[in-house]
Amino acid sequence: MKIHEYQGKELFRKYKVPVPRGILIHDKSEAAAAAREIGTTPVVVKAQIHAGGRGKGGGVKLAKSPEEAEQHAGKIIGMTLVTHQTGPEGRLVKKVLIEEGMDIVRELYLSLILDRETSQVMIMASEAGGMEIEEVAEATPEKIIIERIDPVIGVKPYLARKIAFALNLEGEVFKQAIPFIINLYQCFVKEDLSMLEINPLVVTGDNRLLALDAKIDIDDNALGRHPDLQEMRDLDEEDPNEIEASKYRLNYIQLDGNIGCMVNGAGLAMATMDIVKHSGGEPANFLDVGGGANEEMIENAFRILLSDNKVKAIFINIFGGILRCDILAAGVVAAARKLSVKVPVVIRMEGTNMEEGHRILNESDINFIVGNGMKDAAKKVVQAIK
Ligand code: ADP
Ligand code: MG
């Protein structure tokens, strides 16, 4: 689960990681008062959306007076902000952070992510802050410092010093960097984050080290033990179909193609994506109804697939184990009747009670296309669209 910059900074404050002072507002009428309360000039008006690259897209503006802050807030709230991370459709801005404008001397980069190869938390740091780390990695990989953390030892001061040295920090700022890095690691581990990125991490004219940006991703599997983090969820920032699917414990991810796929088991779902692509089609989604799906879940899954108007055909690929083929067939028939399906539906099922499942499909008044094995079914669904 992603959270907003202002929420990420609240989390940083809790772990004594320094951030600029800021006030969140939802309406431009609150901007001038917020700027006065912060009391510095300039202040910065920052769009709060779950995507980076806001600065370049026009979502971060400097204001030299409270009146100017109000003008900027008026323009940013309600704008559809397009950045390289939002896609061309952009994202509607509903709130902005009014923040203390910092006197920036250096822009650095610092992030923590889970390194799947070593199963350790990895700290990445770079003197090339303010630019995308992917670009730095491409053009000047030698500018990226990487340290992996032994989970038993954690981040000890020597390791934090090593990173601070590598960033060429000096004097007071060097000293501040040690607790900064140690506390950030605590935040990452205790809050069960899967990604934490500060870009830029800044050194100010008055020799302070601050997180100027905060990009955070929380491990969804750990949300159960963080009710306070659950409250930070912003449904406005999520795909409506994914929200709907999560209500029924369906594992759904929206993709760009036009073949809606309904599959049981993540492995089979991956294989289905592959075979659809291999046959010349493009999946519209990844949908795993799970091993123990019941009729009701099948119906909800079907409804979610159909609500995506890019979907021009549906491919149901089920291996009947715990979810028996007859249950699946009954669920699909019931759902298709209720929802008036206008697109071709190709079904491939194999496993427990397969014959009974096929009988239910054949006897129904709905015209399903039955695939003979995965390859045949994938071919048929691609043809059905043409
Ligand atoms: P994004 O990464 O989405 O573009 P950032 O929070 O990194 O958003 O802001 C973009 C740029 O705006 C920063 O690199 C920095 O130069 C400037 N900026 C952001 N916040 C402040 C601030 N509080 N004071 C001064 N400059 C800021
Ligand atoms: Mg940034």
Side-chain angles (χ1 to χ4, degrees), residues 2-13 17-25 31 34-66 68-69 72-73 75-77 79-87 90-113 124-137 143-144 167 173 184 193 195-217 234 237:
K2 288 194 180 120
I3 56 174
H4 287 291
E5 173 197 7
Y6 78 93
Q7 295 166 322
K9 284 176 170 169
E10 272 170 33
L11 219 51
F12 285 177
R13 284 191 193 99
V17 172
V19 294
R21 281 178 297 136
I23 296 171
L24 182 81
I25 62 163
R36 282 192 198 98
E37 192 176 330
I38 289 166
T40 56
T41 37
V43 291
V44 182
V45 183
K46 307 182 76 175
Q48 299 297 294
I49 56 167
H50 284 187
R54 295 164 302 163
K56 280 188 197 135
V60 178
K61 295 262 188 258
L62 212 67
K64 293 193 193 71
S65 66
E68 205 184 335
H72 288 319
K75 281 191 195 121
I76 296 174
I77 297 174
M79 85 186 279
T80 301
L81 183 54
V82 180
T83 80
H84 66 281
Q85 287 184 2
T86 59
R91 201 65 72 71
L92 179 68
V93 182
K94 294 198 169 166
K95 44 196 169 233
V96 294
L97 179 64
I98 308 284
E99 194 171 71
E100 182 185 2
M102 306 308 300
D103 166 25
I104 302 170
V105 178
R106 289 183 68 196
E107 292 202 340
L108 312 168
Y109 175 93
L110 186 64
S111 71
L112 279 78
I113 54 164
M124 276 202 282
S126 174
E127 287 190 76
M131 16 186 327
E132 297 304 318
I133 197 66
E134 290 81 3
E135 284 169 30
V136 181
K143 283 194 186 158
I144 300 179
L167 288 172
V173 178
L184 209 60
L193 308 185
M195 201 274 301
L196 182 170
E197 186 184 58
I198 301 176
N199 191 18
L201 166 71
V202 297
V203 178
T204 63
D206 58 353
N207 275 323
R208 287 193 291 152
L209 189 67
L210 288 150
L212 214 65
D213 194 2
K215 224 175 143 198
I216 285 179
D217 222 328
D234 185 349
E237 297 286 325

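Just follow the structure's listing: the first ligand is 1, and inside any ligand the first atom is 1.
Comparing heavy-atom distances from atom 13 (C) of ligand 1 across A211, P200, G53, G55 singles out P200 as nearest. When L212, I198, V43 are checked for heavy-atom proximity to atom 17 (C) of ligand 1, L212 turns out nearest.
Considering only non-hydrogen protein atoms, atom 19 (C) of ligand 1 sits nearest to K46 NZ, 3.5 Å. At the shortest separation from atom 16 (O) of ligand 1 among protein heavy atoms lies E107 OE2, 2.7 Å. Closest to atom 9 (O) of ligand 1, if we only count protein heavy atoms, is V60 CG2, 4.0 Å.
A pairwise comparison of heavy atoms in Q7 and H4 identifies OE1-N, 2.7 Å as the closest pair.
With ligand atoms numbered from 1 in the order given, ligand 1 contributes 21 (C), 22 (C), 23 (N), 24 (N), 25 (C) to contacts under 4.0 Å with heavy atoms of V44. Which parts of ligand 1 touch E99 is read off a 4.0 Å heavy-atom cut-off, strictly below it: atoms 20 (N), 22 (C), 23 (N). The contact set between ligand 1 and G52, taken as ligand atoms under 4.0 Å from a residue heavy atom, comprises 3 (O). Using a 4.0 Å cut-off to heavy atoms of G101, the atoms of ligand 1 that qualify are 24 (N).
When heavy-atom distances to ligand 1 are checked against a 4.0 Å cut-off, N199 comes that close only through its backbone atoms N, CA, C and O. Under 4.0 angstrom from ligand 1, there are no non-hydrogen atoms of K215. Contacts with ligand 1 closer than 4.0 Å are made by heavy atoms of both the backbone and the side chain of R54.
Distances between N or O atoms of M102 and those of ligand 1 include at least one value under 3.5 Å. Between K56 and ligand 1, no N or O atom pair is found at a separation short of 3.5 Å.
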(message) Could you walk me through whether R106 and E127 satisfy the side-chain contact (heavy atoms from CB on, under 4.5 Å) test, starting with their C-alpha distance in whole Å, then the side-chain angles of each, then the deciding distance to 0.1 Å, before giving a yes or no?
(response) CA-CA 8 Å; R106 289 183 68 196; E127 287 190 76; 2.7 Å; yes
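Within the 2.8 Å limit, D213 places at least one N, O or S atom next to the Mg ion (ligand 2).
Within a 4.0 Å radius of atom 11 (C) of ligand 1, the protein has no heavy atom.
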